[in-house]
Amino acid sequence: MLVLAIDTAGVDCSAALYDGASGRLLSSVTETIGKGHAERLMAIVDQALDDAGLPLKSVQRIAVGIGPGSFTGIRVGVAAARGLALALNVECVGVTTLETLAAAHLAKHPGRPVVAVMDAKRDEVYAQAFSAEGSPLSEPTALSPDDAAALIAQLSADVTGSWRPHEAPVLPDHFDIAVIARLAASKPKGSQKPKPLYLRGPDAKPQTGFALARQIS
């Protein structure tokens, strides 16, 4: 399966081509632009296709980073991905930024659970716990810093992302487009169509550390 992955959920604007059958990354293009993803995305997609020497019509699945992250950036990426999938009549799948961070960490530091944590501003963090095998142990959620620190301590877990307990944030977060592509290739057929993952606002379901502890126990 040939996957075209795109991501605009953070400061980067990225696209990659990934061959799921051989497990090979065919091309990867990333520009750290901060803003203006809508204006640059299709040019970056074209460059990724050119670098791989493939036409757009050869793509068999579209993947997109769905957040959490930049509100505007996520909307740009999801809309573009669903539009490309519709035009090509192929499946479109979403990959969260938290699972991307966790998978990238576990590829380099296997053997321990990990909590992916992003600085969400306003004295909150976005967090999700994963086992040493990469399986989610909790849902992605917005937490207080104290609850995030308690979750990390409860699991004796590694930490990845732009936040550490009792330290200044290391900004910004970067989401490896090659990891997004690889994760998307492994998702089963018939996966739910991607939609933005917003952990704030009327549709968000914030949880406390206590609620997360019940999920994990």
Side-chain angles (χ1 to χ4, degrees), residues 5-14 16 18 25 28 30 32 34 63-71 73-74 77 93-187 194 196-200 204 206-209 211-213 215-216:
I6 64 175
D7 179 61
T8 56
V11 295
D12 296 331
C13 189
S14 303
Y18 181 84
L25 182 69
S28 176
T30 295
T32 301
V64 61
I66 61 172
S70 162
F71 180 87
I74 294 168
V93 299
V95 177
T96 75
T97 52
L98 293 169
E99 66 180 312
T100 302
L101 289 170
H105 177 86
L106 289 170
K108 297 178 180 178
H109 310 282
R112 286 169 53 86
V114 61
V115 179
V117 194
M118 297 167 54
D119 180 33
K121 311 298 185 184
R122 292 186 258 175
D123 202 31
E124 283 187 319
V125 297
Y126 300 135
Q128 187 176 15
F130 296 83
S131 72
E133 294 72 38
S135 301
L137 298 175
S138 66
E139 296 296 322
T141 189
L143 291 175
S144 72
D146 286 346
D147 281 339
L151 175 63
I152 294 161
Q154 177 192 348
L155 292 171
S156 298
D158 289 347
V159 186
T160 188
S162 59
W163 183 86
R164 298 289 186 280
H166 315 300
E167 294 182 16
V170 180
L171 293 176
D173 284 292
H174 296 272
F175 313 114
D176 190 334
I177 191 63
V179 175
I180 292 175
R182 175 170 57 82
L183 291 173
S186 68
K187 290 185 181 290
L197 177 60
Y198 300 134
L199 299 181
R200 285 195 179 117
Q207 299 186 60
T208 65
L212 285 170
Q215 288 182 31
I216 294 168

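Not counting sequence neighbours, the partners of Lys121 by the salt bridge (charged side-chain N to carboxylate O under 4.0 Å, His left out) test are Asp119. Evaluation of the salt bridge (charged side-chain N to carboxylate O under 4.0 Å, His left out) rule for Asp158 yields Arg112 as partners, not counting sequence neighbours.
Looking at every heavy atom in both residues, Ala116 comes nearest to Leu101 through CB-CB, 4.1 Å. The shortest heavy-atom contact between Val95 and Thr100 is CG1-OG1, 3.4 Å. The two residues Gly94 and Ile66 make their nearest non-hydrogen contact at CA-CG2, 3.7 Å. Looking at every heavy atom in both residues, Pro140 comes nearest to Leu98 through CB-CD1, 3.6 Å. Considering every non-hydrogen atom in both Cys13 and Thr8, the closest pair reads SG-CG2, 4.0 Å. Closest approach of Val115 to Val117, counting heavy atoms only: CG1-CG2, 3.5 Å.
Screening residues 174-183 for side-chain hydrogen bond (donor to acceptor under 3.5 Å, both in side chains), with sequence neighbours left out, gives Asp12-His174.
The shortest side-chain heavy-atom distance between Trp163 and Pro145 falls under the 4.5 Å cut-off. Residues Pro136 and Gln128 have side chains in contact (heavy-atom distance under 4.5 Å, counting atoms from C-beta outward). Counting only heavy atoms from C-beta outward, the side chains of Thr97 and Asp173 never approach each other to under 4.5 Å.
Here OG1 of Thr30 is found 6.5 Å from CD1 of Ile177. Values are rounded to the nearest 0.5 Å. One distance of note links NE2 of His109 with OG1 of Thr160; it measures 7.5 Å at 0.5 Å rounding. Between the CD atom of Glu99 and the CG atom of Leu106 there is a distance of 12.0 Å, given to the nearest 0.5 Å.
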